[in-house]
Structures are given as C-alpha cells and as structure tokens.
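Following: one structure in structure tokens, then a few remarks.
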Number of protein chains: 2
Amino acid sequence: MAVQNKDENSLPGSKLTIADIAAELGVSKTTVSRAISGKGRIGKETVRRVMECIEKYNYRPSAIAKGLATSKTYNIGVAFPADTNLSSTPFFQICLLGVCEAAAAMDYDVLVTTVKENDISQLKRIVENHNIDGIILTRDFMNDMATEYLKQKDIPFVLVGSSEDSTIVQVDSNHREACEKLVSLLLADKMSRIALIAGDMRHMVNLSRCEGYINALRSRQISIDTELVFTDCDSQVSIEQAVNSILKHQAECIICTDDVICTRVLSLLREAGAHVPGDIKVASFHDSIYLESNNPPVTAVGMDVKELGCIAGKRLIEMLGGDIDIHKKILDYEIHLRRSTQ
Amino acid sequence: MAVQNKDENSLPGSKLTIADIAAELGVSKTTVSRAISGKGRIGKETVRRVMECIEKYNYRPSAIAKGLATSKTYNIGVAFPADTNLSSTPFFQICLLGVCEAAAAMDYDVLVTTVKENDISQLKRIVENHNIDGIILTRDFMNDMATEYLKQKDIPFVLVGSSEDSTIVQVDSNHREACEKLVSLLLADKMSRIALIAGDMRHMVNLSRCEGYINALRSRQISIDTELVFTDCDSQVSIEQAVNSILKHQAECIICTDDVICTRVLSLLREAGAHVPGDIKVASFHDSIYLESNNPPVTAVGMDVKELGCIAGKRLIEMLGGDIDIHKKILDYEIHLRRSTQ
DNA sequence: CTGAAAGCGCTTACAG
DNA sequence: CTGAAAGCGCTTACAG
C-alpha cells in the first residue's frame with residue numbers, strides 16, 4: 001500500500017511528472033510530450049491512451065519546466081499605475097480582468113507589476129528576472145519611461161491607450177471622435193456655451209478628448225472661450241476653481257473627461273445650489289459605476305474597458321507567436337444620452 | 001567587433017546566463033551561484049569580484065531556471081473576484097497593490113487569477129500548472145469553494161478577511177468591533193433609532209459588521225427594530241426598498257456596510273428630499289474615494305486596505321519559508337466622525 | 001510512428 | 001573555500 005497517496009488514483013509520489021505518465025503507459029517521455037502538444041507525428045491510438053491516462057491521474061505539465069525548455073515563460077505582465085490619484089479608478093481593474101480572460105484562453109498567466117510616473121523599478125525587476133514574455137501598459141503617458149525602457153530592451157508590449165509613436169502596438173477607443181460627437185450632439189440640441197474640465201494633459205486620452213471638444217466647436221464656427229476650458233484638473237482644488245469659473249461665466253453644460261472628475265463636479269454643483277439639468281447640464285466619459293446611482297442619470301460616453309483589456313491581451317500573445325502586424329486597434333464607443341443633459 | 005551586442009558591456013550573445021559570468025571570471029557556475037545567493041562557504045574577495053561582474057554586465061539570474069532547480073516558482077497568486085457587482089470596488093485593487101509591494105520586497109512576483117462565486121476553474125488552472133507557491137484570497141465567502149479546494153490540494157494560502165475555520169491563516173480588520181464602536185459613538189450622541197443597510201451576508205465582513213451593530217444596541221438595552229435592519233442589499237432595488245422603509249419608520253441615522261451602498265443611499269435620500277444630516281444622518285465603512293467628494297463629508301470607518309494586502313503578502317511568503325504560525329492577524333481601524341452624523 | 005539523448009539555466013549534495 | 005556533476009521537468013532535433 002502506497003503511503004504518500006492522497007487519492008486512490010495517484011501514482012506513487014505526490015507530484016506527477018511526465019516521466020510518471022510515460023512509465024505508467026510504458027512509452028517514452030517524448031511520446032507523452034508529443035501527445036500533449038500535438039506536435040510531431042504520433043499515432044492516434046497513442047494520443048488517446050496518453051490523454052486517458054493524464055485524465056485519470058489529473059496530470060498537468062509544469063509550466064515552469066516547459067518554460068525553461070522553450071525559453072518562454074507563458075506569463076504576460078500588466079503594469080498597474082500605483083500613483084495614488086489613479087489607483088482607485090475602476091478602469092485598470094476592469095482592464096486587468098479583460099487581460100486575464102484573454103490570457104487564460106491561451107493558457108498564459110498574468111503577472112502584475114506596478115509603475116509610477118517616475119519609477120519603473122518594479123517593471124524593470126520583472127523583466128530582468130526573465131519572468132514575462134511581454135507586457136501590457138495600461139496608461140498612455142507622453143514621453144513615458146516605461147515605453148522607452150521596453151523598446152530599448154526589445155520586450156514586446158501593447159499599450160492600452162494611444163501614442164504618437166506609430167511603432168507601438170496600441171489598443172484604444174477613439175476618444176477624440178467620441179468627444180467630438182458628444183459635443184456635436186449637445187450643440188445640435190440648442191446649447192452653445194459648453195465648458196470642459198479635463199484631467200492630466202500628459203495623458204493622451206485627455207489630450208484626445210480635448211481635441212474632440214475643440215473640433216466640435218470649430219466645425220460649428222464657435223470660438224473657444226478660455227474661461228470655459230480647464231485642463232490638468234486632477235486635484236479637488238483645481239476642479240473647484242474650474243466649477244466656480246464655469247458657473248460665473250454661465251456655461252450651459254460641463255463636459256468632464258472622466259467619471260472621477262464628474263463625481264466631484266456634481267457634488268460641487270449641488271453645494272453651489274446649481275440644479276442639474278435645470279441650471280446646468282453635465283456629461284462625462286467612461287460611464288463607470290461611479291455615476292451609476294446618480295440622480296439625475298448622467299449622459300456619458302461608454303467604452304467597453306474589459307474588452308479593451310481582452311483585445312490587448314490577445315494582441316500581445318499573437319505578437320509573441322510571431323505576428324508582427326503593428327496596426328492600432330480602435331474599439332467602438334457608445335454615447336448614452338441621459339437626463340443630465342436634457 | 002561583436003555584432004549582437006546592444007551595449008558596449010555585453011558579453012557575446014544576447015541573454016546572459018550564469019555560465020557566461022562564470023566563464024568571464026574564470027570560476028565555476030557553482031561559485032557564481034553561491035556568491036549571489038550567499039549560501040555555502042565562499043571567499044569575500046570572490047563574492048566581490050562576482051558582484052562587480054554581475055553589475056558590469058547587468059546580469060540577472062533567470063527566475064524560471066531557479067524555480068525549476070529549487071521546485072519553487074517564486075510567484076504568489078492573488079484571486080480577484082470577477083463577479084460584476086464586486087469587480088468595481090476599489091478594495092481589491094488597493095489590496096492587490098499592497099500584495100505587490102510585499103512581494104517585490106522579497107523578490108516574489110504576483111500572478112493574478114479571477115474567481116467567481118461558483119467558478120474556480122481559473123484558480124485551478126493556475127495551481128495545476130504549478131505556477132504559484134501559494135495564494136491570497138481577497139474575499140471571505142462562507143463555505144467558499146476556493147478555500148475548500150486549496151485545503152484539499154494542500155496549497156498554502158492566506159485569506160484577506162475572516163473565516164470561522166481557525167486552520168485558515170487570516171488577515172483582517174476588526175469589523176465587528178469597529179461597527180460596534182461606531183454605533184456606540186452615535187448612540188452616545190443622543191441618537192437611538194439607528195438603521196442598518198448591509199450587503200451580501202454570505203460574506204463574513206458583512207456578517208461581522210452586523211454583529212457589531214447588534215452588540216452596540218444590546219449593550220444599551222435597545223431592542224432591534226426589524227424595520228430598520230436590512231441585509232443582503234446588493235441591488236439597486238433592495239437598497240431603494242430599504243431606504244424607503246427606513247424613512248417611513250423615521251430612523252435618525254443609517255449605517256451602510258460599504259461605500260458603494262452608501263453612495264446609493266445618499267443619492268436616494270437626495271431624491272426623496274431628505275437632507276443629510278438635518279433630516280437623517282449617514283455613516284459608512286471603508287472610507288474610499290467613492291465618498292471623498294460628497295457634501296457633507298461622510299462619517300466612516302477607515303481601514304488601511306493596502307496595508308491589509310501587504311501584510312497578507314508578507315505572511316504568505318513567510319509561510320512558504322516554513323513559518324507555520326497560523327494566528328489571525330488583526331489590523332487597526334479608525335473612525336472618522338464627520339458632518340454627515342452631526 | 002517512436003525513443004534516446006542533449007539541453008534550457010539554475011541549485012546543491014558531494015568530494016576535494 | 002571551490003568545482004564537477006547530477007538533477008529540477010520539460011522539449012526537440014536526430015536517428016531509427
């Protein structure tokens with residue numbers, strides 16, 4: 001009677017290896033390996049027997065040994081921003097979920113690392129440990145240290161977001177077009193004084209949204225009123241200043257470039273006694289849970305963030321397989337017109 | 001002139017191995033290995049030379065090869081809930097950041113996997129691939145499939161949260177005590193009709209908070225008014241019903257067991273024209289960014305979620321190193337009394 | 001269609 | 001204090 005066994009079906013020893021399976025079947029490790037991978041010529045009946053045996057003992061090859069043998073890790077990295085002001089947005093979380101889904105489908109694992117604006121030491125650690133085959137960046141900083149580093153090290157990577165560097169593989173929503181369309185729709189709706197409160201302009205996302213805003217005004221020959229446009233609003237204080245000025249200059253509507261800004265704006269408007277949509281209208285981006293329970297419901301551009309992550313994961317794994325098509329992938333968006341702008 | 005070299009300092013070939021370093025120094029791989037790990041007897045001067053050489057060529061040992069040789073992976077897993085209603089709470093995200101920090105400090109990497117209430121297939125995949133040494137669970141479901149599975153497989157794990165199973169290593173805040181204290185403080189403040197809106201009771205967190213609420217009332221000989229206590233409020237509808245009933249039965253204060261519930265409650269109160277804190281007071285848990293910009297500021301129990309993740313990561317890695325102390329670790333909390341209850 | 005053997009890049013008894 | 005050699009669990013030319 002074997003002592004170490006945990007279930008009846010176990011072969012002796014606690015952790016099964018390919019050698020155990022081979023021995024059990026009386027074939028070579030080569031054969032077992034081939035049956036599993038499907039590579040090389042191998043008899044149908046043999047494959048069946050191997051599979052049956054694997055099933056019976058619930059054998060699963062060691063990812064790490066496979067990795068060493070093939071010089072791959074079957075891990076992809078996801079860089080998560082650790083700056084405090086960003087780390088609570090649900091965007092990255094949902095995006096990560098999407099990447100996990102794509103990775104799991106191709107039997108890759110997802111390794112998380114953190115990056116800060118001026119500190120990519122953790123990113124370096126993970127690549128220098130030779131523990132990932134490629135990486136996904138979830139934030140599009142201009143002049144980003146991370147992209148520079150990865151290019152120099154020649155590590156395959158995908159950027160969730162946009163970059164002016166066309167050699168970078170990108171997956172993004174069309175923020176410019178979405179914002180342009182949103183603003184156009186509002187302008188068509190007999191509004192003309194539309195204000196903009198935008199976040200950190202070093203992010204391409206915010207830049208693109210601003211561009212969309214400007215384009216929409218321009219195409220209607222409306223000049224940009226600098227008293228209604230506020231960029232780099234990433235603190236409570238700067239948002240408050242923006243809202244005050246906007247109220248003073250009697251805008252009819254405020255576009256916020258993300259839901260965190262919008263939440264604050266809504267709160268400030270309430271405080272100031274400005275009623276939405278009666279006194280002023282409000283629209284936002286991203287359409288996350290942040291705004292979900294607001295009353296009135298907030299008009300917003302909706303993007304499928306999980307899908308974004310999923311596509312990015314798929315693209316990266318394709319690249320690792322040798323696919324070198326560097327086209328930028330653009331995802332769809334939806335504009336949800338709701339009571340806050342009516 | 002070497003062709004493949006990227007920087008001047010490279011040894012021939014693109015990826016450095018321990019053999020390259022050994023050859024460069026004219027010593028054996030054994031020696032290099034020992035100099036790096038510090039294990040075994042080795043000359044001081046030798047160590048210095050090896051380190052210098054490593055530095056010069058920026059050599060970093062392959063984590064994967066080390067893993068195969070030592071039968072460890074130096075990866076820890078973090079199970080992330082993928083159920084839609086939970087996936088947007090910042091809790092898990094911040095917790096993950098904490099785990100990453102702890103892991104990086106011990107040169108471990110963090111691998112993310114998703115779990116759903118009735119689907120732990122991704123968790124299984126990651127452990128059966130032999131790709132992690134241990135795992136962190138970030139949610140304390142009662143009768144959790146994940147804990148059952150890990151125990152049966154004998155995989156070391158740490159639970160961020162609480163369990164009645166004392167063989168499980170746990171890291172948590174003292175939700176019961178925190179809630180009891182919060183309610184006591186409010187009761188002392190000449191309130192007596194305090195309502196409770198709690199989330200999914202299959203989570204120990206919510207159960208503990210309810211217990212705290214009940215204890216606080218009991219110790220003041222106040223009987224529980226079932227018209228003021230609502231559990232399993234995880235949908236918009238159930239929260240709405242709760243709020244309506246609470247307003248009808250003239251509670252003086254509402255305790256929400258988390259910030260997502262609280263956000264909705266605040267929104268519903270506004271809709272109903274109930275003024276906070278004039279008509280009714282409100283307090284919450286977790287104190288996340290969700291409530292940050294609310295006006296009035298909301299009284300809440302604050303917990304250091306990142307620290308929670310960090311401690312959990314540390315504990316797990318200690319366990320992997322052979323430490324088998326299974327004490328439950330309890331973190332501190334803070335009660336922030338703010339205008340919403342004044 | 002199948003197998004013996006070398007190799008992926010480390011660690012670690014064992015022997016000096 | 002140092003090294004030669006075996007081994008971790010796979011994959012894959014190469015030879016049959």
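Each chain gets a letter, A, B and so on, in the order the sequences are listed, and its residues count up from 1.
Across all strands shown, C:dA4 forms no Watson-Crick or G-U wobble pair with both key distances under 3.5 Å. Remark: C:dA13 base-pairs with no nucleotide; criterion is Watson-Crick or G-U wobble with both hydrogen-bond distances under 3.5 Å.
Residue contacts for B:Y74: at a heavy-atom cut-off of 4.0 Å it reaches no nucleic acid atom on any strand shown. Within the 4.0 angstrom heavy-atom criterion, no nucleotide atom of any strand lies near A:S37. Here B:S33 lies in heavy-atom contact (under 4.0 Å) with a base.
In this structure, CZ of A:R48 is placed 13 Å from P of C:dT2, rounded to the nearest angstrom. Rounded to whole angstrom, the span from the NZ atom of B:K29 across to the P atom of C:dC14 amounts to 19 Å. Rounded to an integer number of Å, the gap from B:K15 NZ to C:dC10 C1' is 15 Å. Across the protein-nucleic acid pair, B:N129 atom CG and D:dC10 atom P stand 11 Å apart, rounded to whole Å. Distance A:K66 NZ to D:dC8 C1': 18 Å, rounded to the nearest Å. As rounded to whole Å, 11 Å separates atom C1' of C:dG9 from atom CD1 of A:I64. Per the geometry, CG belonging to A:L25 stands 15 Å off C1' belonging to C:dG3, to the nearest Å. Rounded to an integer number of Å, the gap from B:N131 CG to D:dG9 P is 15 Å.
Phosphate contact (OP1/OP2 of C:dC10, side-chain N/O of B:T70, threshold under 4.0 Å): absent.
Each of B:A65 and B:G43 lies near DNA chain D, and the nucleotide nearest B:G43 is the one positioned closer to the 5' end. Comparing B:R34 and B:L68 by the nucleotide of DNA chain C that holds the closest heavy atom to each, the one mapping nearer the 5' end is B:L68. Of the two residues contacting DNA chain D, namely B:S71 and B:T30, the nearest-nucleotide position lying further toward the 5' end is that of B:T30.
Comparing the P positions of D:dA13 and D:dG9 gives a spacing of 23 Å, expressed to the nearest Å. Nucleotides D:dG16 and D:dT12 have their C1' atoms positioned 16 Å apart, rounded to a whole Å.
Closest to the side chain of B:T31, out of D:dT2, D:dC10, D:dC8, is D:dT2. Side chain of B:S28, nearest nucleotide from D:dA4, D:dC10, C:dC10: D:dA4.
In this structure, the side chain of A:D133 does not engage the main chain of A:I76 through any donor-acceptor pair within 3.5 Å.
Looking only at atom types and distance, the side chain of B:T30 has no donor-acceptor partner in the side chain of B:S33 under 3.5 Å away. Checking B:K328 against B:S162 by side-chain atom types alone, a donor-acceptor pair falls below 3.5 Å.
Here the CZ atom belonging to A:F80 is positioned 6.5 Å from the CG atom belonging to B:L97, to the nearest 0.5 angstrom. Here the CD1-CG distance, from B:I168 to B:L150, works out to 9.0 Å after rounding to the nearest 0.5 Å.
Contact check on A:R48 versus A:E52 returns a salt bridge, with a Lys/Arg side-chain nitrogen under 4.0 Å from an Asp/Glu carboxylate oxygen.
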